[in-house]
Chemist: 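Starting off with a structure, shown below.
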There are 2 protein chains.
Amino acid sequence: MNFEYLIKTHNLKVTAQRVSILENMNNYGHINIDELFLEVKKNFNNISLATLYKNINLMIKNSLIKEVKIASYKSKYEIKKDTHAHILCTVCNEFEDLDFNCSLAVDNVEKTTAYKIDNSEFIFSGICQKCQ
Amino acid sequence: MNFEYLIKTHNLKVTAQRVSILENMNNYGHINIDELFLEVKKNFNNISLATLYKNINLMIKNSLIKEVKIASYKSKYEIKKDTHAHILCTVCNEFEDLDFNCSLAVDNVEKTTAYKIDNSEFIFSGICQKCQ
DNA sequence: ATCCAAAACGATAAAAATTATCCTTTAGGA
DNA sequence: TCCTAAAGGATAATTTTTATCGTTTTGGAT
């Protein structure tokens with residue numbers, strides 16, 4: 001994935017710190033602030049936590065990344081892609097994307113509520129096969 | 001709704017503060033910590049914010065209430081009931097329950113992933129009819 | 001009704017998470 | 001190469017949440 005291009009097309013200046021943030025989000029799939037801070041520190045020993053927060057907030061505002069809030073866990077951040085559901089194992093804490101057709105549900109809800117839906121969050125949680 | 005009974009059956013001692021917390025959650029449907037603090041203060045002028053946090057955490061642990069986390073909003077709390085979806089208007093911030101068949105989706109996901117699902121969160125957001 | 005221990009309360013301190021400020025450095029267009 | 005707006009790091013301040021502690025209350029046993 002070309003992170004420089006991704007940053008540019010979202011009207012932000014390209015910095016090495018930002019590229020590193022996106023690289024790590026991409027490697028992890030989803031990453032929380034503490035994990036991200038540790039990872040980015042490997043490249044930029046003196047990166048400020050404030051810089052991390054500022055970038056995350058800015059990238060969210062500019063629709064480059066997305067925050068996923070999960071009850072009793074820290075927020076996770078991911079690079080924006082097509083709407084997709086998530087599934088969490090509350091035993092091993094594995095958290096993954098799900099191949100689930102969200103648009104069917106969205107269409108249905110738009111019809112019954114007359115809302116214009118522009119975002120939907122689906123989080124399933126339970127116990128994965130390995131942990132059962 | 002009998003809140004005393006609800007508290008007792010969840011193995012907690014009945015206090016006037018807890019009843020007030022549940023009453024307000026029930027009245028609002030969903031309420032965040034700040035709103036709840038203001039409301040409960042009307043009955044208990046000297047209630048401590050710490051007490052509110054302690055009770056919320058305890059009631060969550062004992063499955064009496066539930067936290068709903070929403071990106072870029074403060075968490076909302078609601079009395080536990082059957083799994084249901086939520087919908088948010090990002091213009092007027094109205095937040096309501098949705099009559100949406102979650103169990104169909106859960107069944108589907110259980111089959112395709114081999115997870116044992118015990119909870120699911122569905123949050124739709126967009127613009128309600130009035131705000132369009 | 002009274003007593004008692006565990007639990008809950010309020011006040012407050014402490015810790016954790018997030019944001020703001022300020023000065024220096026850098027990105028990227030002119 | 002120059003210049004300005006933006007980004008970085010350091011740090012302070014603010015906000016949010018949790019822990020502590022002494023007092024009070026709940027609810028079961030007497």
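Chain letters run A, B, ... following the sequence lines, proteins first, then strands; residues in each count from 1.
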Chemist: Check for me, please, whether B:Val68 and A:Ile123 land in the same ILVMFWY cluster - side-chain distances under 4.5 Å, paths through other members count.
Modeler: no

Chemist: With rounding to the nearest 0.5 angstrom, report the CD1 to OG distance, A:Ile117 to B:Ser125.
Modeler: 7.0 Å

Chemist: Without decimals, in angstroms, what is the distance between A:Glu4 CD and C:dA27 P?
Modeler: 12 Å

Chemist: Nearest-Å distance, NZ (A:Lys74) to P (D:dT17)?
Modeler: 12 Å

Chemist: If we check side chain to side chain contact (heavy atoms under 4.5 Å, CB included) with A:Ile21, which of these qualifies: A:Asn55, A:Asn26, A:Ile65?
Modeler: A:Asn55

Chemist: Name every residue in residues 8-40 of chain B that has at least one heavy atom under 4.0 Å from any atom of DNA chain D, in order of residue number, or write none if there are no such residues.
Modeler: B:Lys13, B:Val14

Chemist: Within a 6.0 Å radius of atom NZ on B:Lys61, are there more than 12 heavy atoms belonging to other residues, nucleotides or ligands?
Modeler: no

Chemist: Atom OH of A:Tyr77 and atom C1' of C:dA17: how far apart are they, to the nearest Å?
Modeler: 10 Å

Chemist: For DNA chain D, what residues of residues 46-65 of chain B have any heavy atom nearer than 4.0 Å?
Modeler: B:Leu49, B:Ala50, B:Tyr53, B:Lys54, B:Asn57

Chemist: Applying salt bridge (Lys or Arg N to Asp or Glu O under 4.0 Å) as the test, list every pair that has at least one member in residues 23-36 of chain B; sequence neighbours left out.
Modeler: B:Asp34-B:Lys74

Chemist: Please determine whether the number of non-hydrogen atoms from other residues, nucleotides or ligands lying under 6.0 Å from atom NZ of B:Lys81 exceeds 12.
Modeler: yes

Chemist: If you measure from the Lys or Arg side-chain nitrogens to the Asp or Glu carboxylate oxygens, is any gap between A:Glu121 and A:Lys66 under 4.0 Å?
Modeler: yes

Chemist: Would you say that more than 12 heavy atoms from the other residues, nucleotides or ligands in this model lie under 6.0 Å from the CG of A:Asn27, or not?
Modeler: yes

